[in-house]
Protein chains: 2
Amino acid sequence: MRIGEVATAAGVSTRALRYYEEQGLLTSVRSASGQRHYGEDAVERVRWVQALYAAGLSSRAILGLLPCVHTGVATPEMIEQLIAERERIDAQVRELTATRDRLDAVIAAARGRSRECSYAS
Amino acid sequence: MRIGEVATAAGVSTRALRYYEEQGLLTSVRSASGQRHYGEDAVERVRWVQALYAAGLSSRAILGLLPCVHTGVATPEMIEQLIAERERIDAQVRELTATRDRLDAVIAAARGRSRECSYAS
DNA sequence: CTAAGACTTGACGTTGGCGTCAAGGGCAAG
DNA sequence: CTTGCCCTTGACGCCAACGTCAAGTCTTAG
């Protein structure tokens, strides 16, 4: 697969893929003319990168985690790191859930008010 | 309350509070010498701002939502906006939860591998 | 009174994950 | 051959939420 194909399949820009390679998150084999070629697993890898970015991890953090995510092989420190990031994400989920629930309360209250208004008028 | 007190109580920097004021998210009363003074509700307001920032909203979006969050009064369009943001946050929660679960699977797999290793040695 | 801390405005610096030209090279179809 | 699309490197732009001086003012405890 060439870069455009991977980009389309993963739903990102080619610029992003080159950036990932620059950060060491993605590797490619070059043809004689210098064009990048990727294996099938590249798409899944990119999806992992996107998911971890969305979870607030930096390139460096992802760089440390991707090998064991992809190969399943991990040193004890890598497992520690995995668990730490998992905990951060879990904390984030709890925070966002709480915020969502508070928003729900606000929405309910606002609706109540607007109903009062329509009764009053 | 003066700015430092609010900052400490809300767990943010004074710089952040001045920035919020600049963005219209927070108001203060000035003393004769120009110093800012805040009411008690400022702390809660700042906490709302922090929560909404953490949920990925921009200053502009927060600016549009804070009035009805704080006063409980909302036009139908504001309620629409509240619901839209609530949905975005909910989607985010679902994504992060999925990522967390995938990470759990990776951790479990890696632990299995390391147990195999310790058995082998 | 005075020293130390808290406050003011102003303005530039930072960071990351790309977007976006710019200027050129490669390759299958007609 | 050439047209048109995909690819390359390089480099600057961007945006938001502050951090971080700088240089001066206010306030308050002793």
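In what follows, chains carry the letters A, B, and so on, assigned in the order in which the sequence lines appear, proteins first and then strands, with residues in each chain numbered from 1.
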Checklist entry - Checking all strands, does A:Leu57 fall into the base, sugar-phosphate, or nothing category for heavy-atom contacts under 4.0 angstrom? => result sugar-phosphate
Checklist entry - Roughly how many Å is it from CD in A:Gln23 to C1' in C:dG17, rounded to a whole number? => result 9 Å
Next on the checklist: Please give me the minimum heavy-atom distance between B:Arg88 and B:Ala55, naming the atom from each residue.
Outcome noted: NH2-O, 4.4 Å
Item to check | Greater than 12 external heavy atoms within 6.0 Å of B:Glu44's CD | outcome: no
Next on the checklist: Let me confirm one number: the CZ-SG distance from A:Arg113 to B:Cys68, rounded to the nearest 0.5 Å.
Outcome noted: 11.5 Å
Checklist entry - Separation of A:Tyr19 atom OH from C:dG19 atom P, in whole Å? => result 11 Å
Checklist entry - So does A:Ser59 get a side-chain nitrogen or oxygen closer than 4.0 Å to the phosphate oxygens (OP1/OP2) of C:dG17? => result yes
Item to check | Straight-line distance of B:Leu25 CG to B:Arg45 CZ, nearest 0.5 Å | outcome: 7.5 Å
Item to check | B:Leu17 CG - C:dT9 C1' separation (whole Å) | outcome: 16 Å
Item to check | DNA chain C-proximal residues of residues 1-15 of chain A, any heavy atom under 4.0 Å | outcome: A:Ser13, A:Arg15
Item to check | Nearest-Å distance for atom pair CD/P, residues A:Glu21 and C:dC18 | outcome: 15 Å
Checklist entry - Base, sugar-phosphate alone, or nothing: which one does B:Arg60 contact when heavy atoms must sit under 4.0 Å apart? => result nothing
Item to check | Where chain A begins and ends its contact with DNA chain D, read 5' to 3' at 4.0 Å from heavy atoms | outcome: D:dC7 to D:dA11
Next on the checklist: Just to be sure I understand the rule, does A:Ser58 reach a base, reach only the sugar-phosphate, or reach nothing, if contact means heavy atoms closer than 4.0 Å?
Outcome noted: sugar-phosphate
Next on the checklist: Nearest 0.5 angstrom please: B:Leu26 CG to B:Arg18 CZ, how far?
Outcome noted: 12.0 Å
Item to check | Side-chain donor-acceptor pair present, A:Tyr20, A:Ser59, cut-off under 3.5 Å | outcome: no
Checklist entry - Does the side chain of A:Val73 come within less than 4.5 Å of A:Met78's, by heavy atoms? => result no
Item to check | Check against side chain to side chain donor-acceptor pair (under 3.5 Å), A:Glu85 and A:Gln81 | outcome: CA-CA 6 Å; A:Glu85 297 296 351; A:Gln81 192 64 27; 3.3 Å; yes
Listing, residues 34-42 of chain B side-chain donor-acceptor contacts under 3.5 Å, not counting sequence neighbours, or none:
residue, atom, partner, partner atom, Å
B:Gln35, OE1, B:Arg2, NH1, 3.3
B:Arg36, NE, B:Glu21, OE1, 2.9

Next on the checklist: What's A:Arg18 touching, base or sugar-phosphate or nothing? Going by heavy atoms closer than 4.0 Å.
Outcome noted: base
Checklist outcome for this item: Ranking B:Gln35 and A:His37 by the position along DNA chain D of their nearest nucleotide, the one closer to 5' is A:His37
